[in-house]
K.L.:
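So that we are looking at the same thing, I have put the structure below in structure tokens.
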Amino acid sequence: MIRVTYLSHSGFLVELEQAYLLFDYYKGELPEIKAGKPFFVFVSHAHYDHFRKDIFKLREYIPEIYYILSNDVDAPKTEDTLLAGPNEEHIIGSLKVRTLRSTDEGVAFLAECGDCTVYHAGDLNWWHWEEEGKAYNTMMRRNYQYEINKLHGVKIDVAFVPVDPRLGEQYFWGLDCFMKRTDTQAVFPMHFWDNYGIFDRIVLEKSAEEYVDKIYRITKEGQTFELEKREEKSFADSVKEMMD
């Protein structure tokens with residue numbers, strides 16, 4: 001079982017059997033934290049809507065805590081803190097983490113813990129701004145697709161991907177590209193600036209028909225979701241399905 005709590009904006013708490021993963025927490029209320037699990041705190045970049053210094057107060061009541069921060073975040077490098085740049089891989093406690101280069105600031109995270117893989121984009125997105133002109137938007141498309149292509153062949157259990165309404169009709173391009181180029185079981189749109197109506201728009205997108213059942217609709221801060229881990233079929237099961 002994977003438990004996901006939406007905190008606000010791009011902030012999520014993921015509870016796995018082995019650990020907690022906290023991403024880009026800057027506001028909202030954390031649920032009760034069970035004792036006995038390591039707690040990993042991720043910050044994708046230093047923008048105010050992804051980082052607040054209060055996260056370091058979690059040390060006061062969580063015994064086994066680790067911080068995985070983009071290296072643009074102003075934080076002391078202590079024994080429990082890792083400052084990471086793009087295209088790095090690290091093992092911290094029971095966690096393996098890989099970073100991608102953001103198309104805005106900082107990094108995106110691919111975190112593996114036990115048999116679960118979680119992706120958090122931060123501000124890695126297809127930022128298409130009409131006012132920026134063709135050259136900028138072509139560069140943005142290429143940069144985004146280049147990063148997402150690095151995830152080819154990775155089985156992702158839970159993903160958090162921006163759908164920013166400020167982009168107008170192009171709000172959806174990053175999510176659409178991500179879902180069509182990755183093997184993702186469940187995706188949570190984020191970074192929608194409290195515009196919950198954006199979920200109604202997404203389900204009407206013709207391009208989303210092939211994966212709309214994988215999109216989880218968020219309706220409020222503090223909302224919790226329970227996801228079943230996908231079961232990998234054995235070779236024998238696969239052969240039986242083909243024969244039936």
K.L.:
Under 4.5 Å between side-chain heavy atoms, hopping through other hydrophobics if needed: is there a path connecting Y119 to F172?
P.N.:
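Yes.
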
K.L.:
In the structure I gave you, are the side-chain heavy atoms of K150 and Y146 within less than 4.5 Å of one another anywhere?
P.N.:
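Touching, per the 4.5 Å side-chain cut-off.
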
K.L.:
When rounded to the nearest 0.5 angstrom, what is the spacing between OG in S207 and NZ in K180?
P.N.:
2.5 Å

K.L.:
Would you please test E132 and M140 for side-chain contact (heavy atoms from CB on, under 4.5 Å) and show each step?
P.N.:
CA-CA 10 Å; E132 293 290 348; M140 185 59 62; over 6 Å; no

K.L.:
At what distance, to the nearest 0.5 angstrom, does CG of D164 lie from NE2 of H128?
P.N.:
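Interatomic distance, D164 CG to H128 NE2, rounded to 0.5 Å: 13.5 Å.
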
K.L.:
Under a 3.5 Å threshold, yes or no: a donor from one side chain and an acceptor from the other, between D104 and S102?
P.N.:
no

K.L.:
I want to check something: taking the side chain as every heavy atom from C-beta on, are P76 and T81 in contact at a cut-off of under 4.5 Å?
P.N.:
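SC-SC contact between P76 and T81 ruled out.
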
K.L.:
Hey, are the side chains of I148 and Q145 touching, using non-hydrogen atoms and a 4.5 Å cut-off?
P.N.:
no

K.L.:
In terms of the angle between their ring planes, are Y6 and Y196 parallel, tilted or perpendicular, with boundaries placed at 30° and 60°?
P.N.:
perpendicular

K.L.:
Can you tell me how far apart OG1 (T184) and NZ (K214) are? Round to the nearest 0.5 Å.
P.N.:
7.0 Å

K.L.:
Could you tell me which non-hydrogen atom of W127 sits nearest to which non-hydrogen atom of Y136, and how far apart they are?
P.N.:
O-CE2, 3.7 Å

K.L.:
Side chains of R98 and V154: closer than 4.5 Å at any heavy-atom pair?
P.N.:
yes

K.L.:
Report the C-alpha separation of R141 and W126 in whole Å, then their side-chain angles, then the decisive distance to 0.1 Å, and conclude whether the side-chain contact (heavy atoms from CB on, under 4.5 Å) test is met.
P.N.:
CA-CA 6 Å; R141 171 178 58 82; W126 188 334; 3.3 Å; yes

K.L.:
Would T5 and T224 count as a side chain to side chain donor-acceptor pair (under 3.5 Å) if you check the C-alpha gap in whole Å, the side-chain angles of each, and the deciding distance to 0.1 Å?
P.N.:
CA-CA 4 Å; T5 302; T224 297; 3.2 Å; yes

K.L.:
Under 4.5 Å between side-chain heavy atoms, counting indirect links through other Ile/Leu/Val/Met/Phe/Trp/Tyr residues: same cluster for V163 and M179 or not?
P.N.:
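Yes, V163 and M179 fall within the same hydrophobic cluster.
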
K.L.:
Just wondering, more than 12 heavy atoms not from D54 lying within 6.0 Å of its CG?
P.N.:
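More than 12 heavy atoms, drawn from other residues, nucleotides or ligands, come within 6.0 Å of this atom.
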
K.L.:
Going from CG on D157 to CG on L16, what distance comes out if it is rounded to the nearest 0.5 angstrom?
P.N.:
8.5 Å

K.L.:
For the hydrophobic clusters of this structure (ILVMFWY residues joined by side-chain heavy atoms under 4.5 Å, transitively), does one cluster hold both V187 and F23?
P.N.:
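Same hydrophobic cluster.
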
K.L.:
What's the shortest heavy-atom distance between V158 and I156, and which atoms?
P.N.:
O-CG2, 3.4 Å

K.L.:
Scan side-chain atoms only and decide if E221 and S8 contain a donor-acceptor pair under the 3.5 Å cut-off.
P.N.:
yes

K.L.:
State the CD-CG distance between E147 and L100, to the nearest 0.5 angstrom.
P.N.:
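Result: 5.0 Å between the selected atoms.
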
K.L.:
Centroid separation under 6.0 Å, is that true for the rings of F188 and Y216?
P.N.:
yes

K.L.:
Taking all heavy atoms of L21 and all of A111, pick out the closest pair and write down the distance.
P.N.:
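Smallest interatomic distance, heavy atoms only, reads CD1-CB, 4.4 Å.
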
K.L.:
Answer yes or no: is there a side-chain heavy-atom contact under 4.5 Å between R59 and T78?
P.N.:
yes

K.L.:
Checking R217 against D200 for the side-chain contact (heavy atoms from CB on, under 4.5 Å) test, could you report, in this order, the C-alpha distance in whole Å, the side-chain angles of both residues, the deciding distance, and whether it holds?
P.N.:
CA-CA 9 Å; R217 178 188 287 262; D200 294 322; 2.9 Å; yes

K.L.:
To check you understand the geometry: which heavy-atom pair defines the closest contact between R166 and W129, and what is its length?
P.N.:
O-CZ3, 3.5 Å

K.L.:
Quick check: does any side chain N or O of T99 sit under 3.5 Å from a backbone N or O of N87, one acting as donor and the other as acceptor?
P.N.:
yes

K.L.:
Under 6.0 Å from the CD atom of E131, do we count more than 12 heavy atoms belonging to anything else shown?
P.N.:
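Yes, CD of E131 has more than 12 neighbouring heavy atoms, counting only those of other groups under 6.0 Å.
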
K.L.:
Looking only at non-hydrogen atoms, find the nearest pair between H50 and S10 and report the distance.
P.N.:
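The answer is CE1-OG, 3.5 Å.
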
K.L.:
Under a 3.5 Å cutoff, is there a donor and acceptor pairing between the side chains of N143 and T103?
P.N.:
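Side-chain D/A pair, N143 to T103: absent.
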
K.L.:
Taking the six-membered ring for Trp, are H120 and F160 closer than 6.0 Å centroid to centroid?
P.N.:
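So the answer is yes for these two rings.
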
K.L.:
Under 4.5 Å between any side-chain heavy atoms of R52 and K57, yes or no?
P.N.:
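R52 does not reach K57 side chain to side chain.
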
K.L.:
Under the side-chain contact (heavy atoms from CB on, under 4.5 Å) criterion, do Y144 and F178 qualify, and how do the steps go?
P.N.:
CA-CA 9 Å; Y144 181 71; F178 176 84; 3.7 Å; yes

K.L.:
Looking at E29, I want to see if its CD is surrounded by more than 12 non-hydrogen atoms of other residues, nucleotides or ligands under 6.0 Å.
P.N.:
no

K.L.:
About how many Å separate CG of L30 and OH of Y25, when rounded to the nearest 0.5 Å?
P.N.:
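The CG atom of L30 is 4.0 Å from OH of Y25, to the nearest 0.5 Å.
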
K.L.:
Apply the test ring pair (Phe, Tyr, Trp, His ring centres under 6.0 Å) to residues Y171 and F192: give CA-CA distance (whole Å), side-chain angles for both, the deciding distance (0.1 Å), then the verdict.
P.N.:
CA-CA 9 Å; Y171 80 101; F192 49 83; over 10 Å; no

K.L.:
Among the clusters formed by ILVMFWY side chains lying less than 4.5 Å apart, do M190 and V4 turn up in the same one?
P.N.:
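Yes, M190 and V4 fall within the same hydrophobic cluster.
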
K.L.:
Assess whether atom CD of Q18 is packed by more than 12 heavy atoms of other residues, nucleotides or ligands within 6.0 Å.
P.N.:
yes

K.L.:
D123 and H191: side-chain donor and acceptor closer than 3.5 Å?
P.N.:
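There is such a pair between these side chains.
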
K.L.:
Could you check whether any side-chain heavy atom of I215 comes within less than 4.5 Å of a side-chain heavy atom of V203, counting everything from C-beta outward?
P.N.:
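No, their side chains stay 4.5 Å or more apart.
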
K.L.:
So among F51, Y67, F109, F12, which one has a ring pair (Phe, Tyr, Trp, His ring centres under 6.0 Å) with F42?
P.N.:
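Testing each of F51, Y67, F109, F12 against F42, the sole residue satisfying ring pair (Phe, Tyr, Trp, His ring centres under 6.0 Å) is F109.
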
K.L.:
Are P31 and L13 close enough that some pair of their side-chain heavy atoms sits under 4.5 Å apart?
P.N.:
yes

K.L.:
At their closest point, which heavy atom of P38 faces which heavy atom of S94, and how far apart are they?
P.N.:
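Looking at all heavy atoms of both residues, the closest pair is CG-OG, 4.1 Å.
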
K.L.:
Can you confirm whether the side chains of D176 and Y211 place a donor and an acceptor under 3.5 Å from each other?
P.N.:
yes

K.L.:
Would you kindly confirm whether L110 and L69 end up in one hydrophobic cluster when ILVMFWY residues are joined by side chain heavy atoms under 4.5 Å apart?
P.N.:
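Different hydrophobic clusters.
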
